Q: 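The following block contains the structure, expressed as structure tokens.
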2 protein chains.
Amino acid sequence: MHPRIIDTLKRSQLSVTDSRKKILELFLQRKAALAHADIEQHSGDEFDRVTIYRTLQTFVEKGILHTIPSADNSVRYALCKDACTEGHHHDNHVHFMCDVCGTTYCLDHVTVPAVQLPAGYQVHQLDLVASGTCIKCQ
Amino acid sequence: MHPRIIDTLKRSQLSVTDSRKKILELFLQRKAALAHADIEQHSGDEFDRVTIYRTLQTFVEKGILHTIPSADNSVRYALCKDACTEGHHHDNHVHFMCDVCGTTYCLDHVTVPAVQLPAGYQVHQLDLVASGTCIKCQ
DNA sequence: AATATTTTGCAACAAAGTTGCATTTGTGTA
DNA sequence: TACACAAATGCAACTTTGTTGCAAAATATT
């Protein structure tokens, strides 16, 4: 088990349960973002579907995961950078979604450039999703 | 009926049907983006749910509408700029989603800035969604 | 007006997401 | 360690959302 798992859960004042440990481990192992369905597959029949929904929701609320918008009605989740060392951290990085293999990546080192919006729009968040062909699918 | 409706459909080689006229008119009337559910509400029991799904899909394929990604599992649709005069036109404008009233706007005059991605990622599309508080909800 | 093509509505289904509640598991404390 | 309290899980039932095939209806073509 990844050494940060327990810490991460305790820092967020969450009970340390099997499903949370397993789901968090999944995200730590794979660098890519995961949709609900991916997690359901990877965890087999180990946990109830409802538990997975609730766990994801909890993790988002606690700032452990963030959501990545998509145009295909399947929201992906990814670890918040430094979630396991510093807690919630808003950094507005770019996401990349591969049209071929479907993998979604957090490009942690590419930040969303500032955008000048018309007067009257107060921006709280900026999501930039690039899509195309990823390194592996060229 | 909006004068451009018939033209738009014919230019895309689509049969001019009641549901298509009505749905296109909805988009022409309201400036904001619409989700499937919005359309279902606004058209009452006039059309079958399936027809609405298929119409939206057709309009996207023909370049009449484009999709706007979201993090809440409800893709919005909006008229492609100049869809009714010039056909499909790729312009990568910014979208704004209001957290308060839920309205999604196309900011046609704000373009998505170029982003430098790591080598190996081939970008075909860029979607920038800003969220926060819109003019009406301040 | 007659025929060919396209679109629609229906029905049945599949997938995705939600809610309430009893049971189980985890946490803090004596 | 055992106890009591709090929190999380699993189950069942349900709602919502999206898909598919096919006959009937509407539209386009001649």
Side-chain angles (χ1 to χ4, degrees), chain A residues 1 5-27 33-65 67-77 102 104, chain B residues 1 5-27 33-65 67-77 102 104:
Chain A
M1 188 174 71
I5 289 177
I6 307 286
D7 276 4
T8 304
L9 292 174
K10 296 223 157 170
R11 188 169 344 99
S12 297
Q13 298 179 303
L14 294 173
S15 301
V16 178
T17 66
D18 288 348
S19 58
R20 286 177 181 162
K21 282 189 285 185
K22 179 68 180 275
I23 292 176
L24 201 44
E25 178 134 53
L26 260 178
F27 279 101
L34 296 168
H36 173 93
D38 299 323
I39 296 164
E40 210 169 328
Q41 288 181 346
H42 282 280
S43 64
D45 294 339
E46 207 170 342
F47 311 112
D48 195 85
R49 240 157 36 84
V50 178
T51 301
I52 298 176
Y53 280 115
R54 291 197 266 226
T55 303
L56 289 173
Q57 191 183 312
T58 303
F59 282 179
V60 170
E61 281 163 8
K62 295 294 185 178
I64 298 170
L65 296 178
T67 54
I68 304 171
S70 84
D72 67 348
N73 271 327
S74 85
V75 172
R76 319 293 162 99
Y77 299 84
T104 301
Chain B
M1 188 174 70
I5 287 178
I6 307 286
D7 277 3
T8 304
L9 292 173
K10 295 223 158 168
R11 191 173 336 104
S12 297
Q13 298 180 305
L14 295 173
S15 300
V16 179
T17 67
D18 288 349
S19 58
R20 286 176 182 161
K21 282 189 285 186
K22 179 67 181 276
I23 292 176
L24 200 45
E25 178 135 52
L26 260 177
F27 279 100
L34 296 168
H36 172 94
D38 298 323
I39 296 164
E40 212 170 328
Q41 287 182 346
H42 282 279
S43 63
D45 293 339
E46 206 170 342
F47 312 113
D48 195 84
R49 240 158 34 84
V50 178
T51 301
I52 299 176
Y53 280 116
R54 292 197 266 225
T55 303
L56 290 173
Q57 193 184 312
T58 304
F59 283 179
V60 170
E61 281 162 7
K62 295 293 186 179
I64 298 171
L65 295 179
T67 54
I68 304 171
S70 83
D72 67 350
N73 272 326
S74 85
V75 173
R76 320 291 162 100
Y77 300 84
T104 301

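All values reported here derive from a predicted model rather than from experimental measurement. Reckoned from all heavy atoms, side chains included, excluding hydrogens, waters and symmetry mates.
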Q: Within the 3.5 Å criterion, strictly below it, is a donor on B:R76 or B:T104 matched to an acceptor on the partner's side chain?
A: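 The answer is yes; a qualifying pair exists.
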Q: Going by distance alone, is a donor N or O of one side chain under 3.5 Å from an acceptor N or O of the other, for B:T51 and B:R49?
A: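 Distance-only check fails for B:T51 and B:R49.
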Q: For the pair made of CD in B:Q13 and C1' in D:dT29, what is the distance, rounded to whole Å?
A: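 So the two atoms are 14 Å apart, to the nearest Å.
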Q: To the nearest 0.5 Å, what is the distance between CD1 (A:I64) and CG (A:L14)?
A: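 These two atoms lie 5.5 Å from each other.
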Q: Please determine if a side-chain N or O atom of B:N73 lies less than 4.0 Å away from the OP1 or OP2 oxygen of C:dG17.
A: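 It does, given that an N or O in the side chain of B:N73 lies less than 4.0 Å from OP1 or OP2 of C:dG17.
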Q: Only one of A:I23, A:I68, A:T67 passes side-chain contact (heavy atoms from CB on, under 4.5 Å) with A:Y77; say which it is.
A: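 Running side-chain contact (heavy atoms from CB on, under 4.5 Å) over A:I23, A:I68, A:T67 with A:Y77 returns exactly one hit, A:T67.
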Q: Indicate, yes or no, whether a donor-acceptor pair under 3.5 Å links the base of D:dG18 to the side chain of B:R49.
A: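 By the distance-only test, yes, there is a pair.
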Q: Taking only side-chain N and O atoms of A:T51, does any of them lie within less than 4.0 angstrom of OP1 or OP2 on D:dG10?
A: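 True: A:T51 side-chain N/O within range (under 4.0 Å) of D:dG10 OP1/OP2.
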Q: Which is true for A:E46 with a 4.0 Å heavy-atom rule: it touches a base, it touches only sugar-phosphate, or it touches nothing?
A: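 Since only primed, P, OP1 and OP2 atoms lie under 4.0 Å of A:E46, the category is sugar-phosphate.
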Q: Would you mind reading off the distance between B:I52 atom CD1 and C:dT7 atom P, rounded to a whole angstrom?
A: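 Computing the B:I52:CD1 to C:dT7:P distance gives 17 Å.
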Q: Classify the side chain of A:R54 versus the base of D:dG10 as yes if they form a donor-acceptor pair under 3.5 Å and no if they do not.
A: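 Result: at least one qualifying N/O pair found.
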Q: Whole angstrom is fine here: how far is it from CG in B:D45 over to P in C:dC10?
A: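 Taking CG of B:D45 and P of C:dC10, I get 10 Å after rounding.
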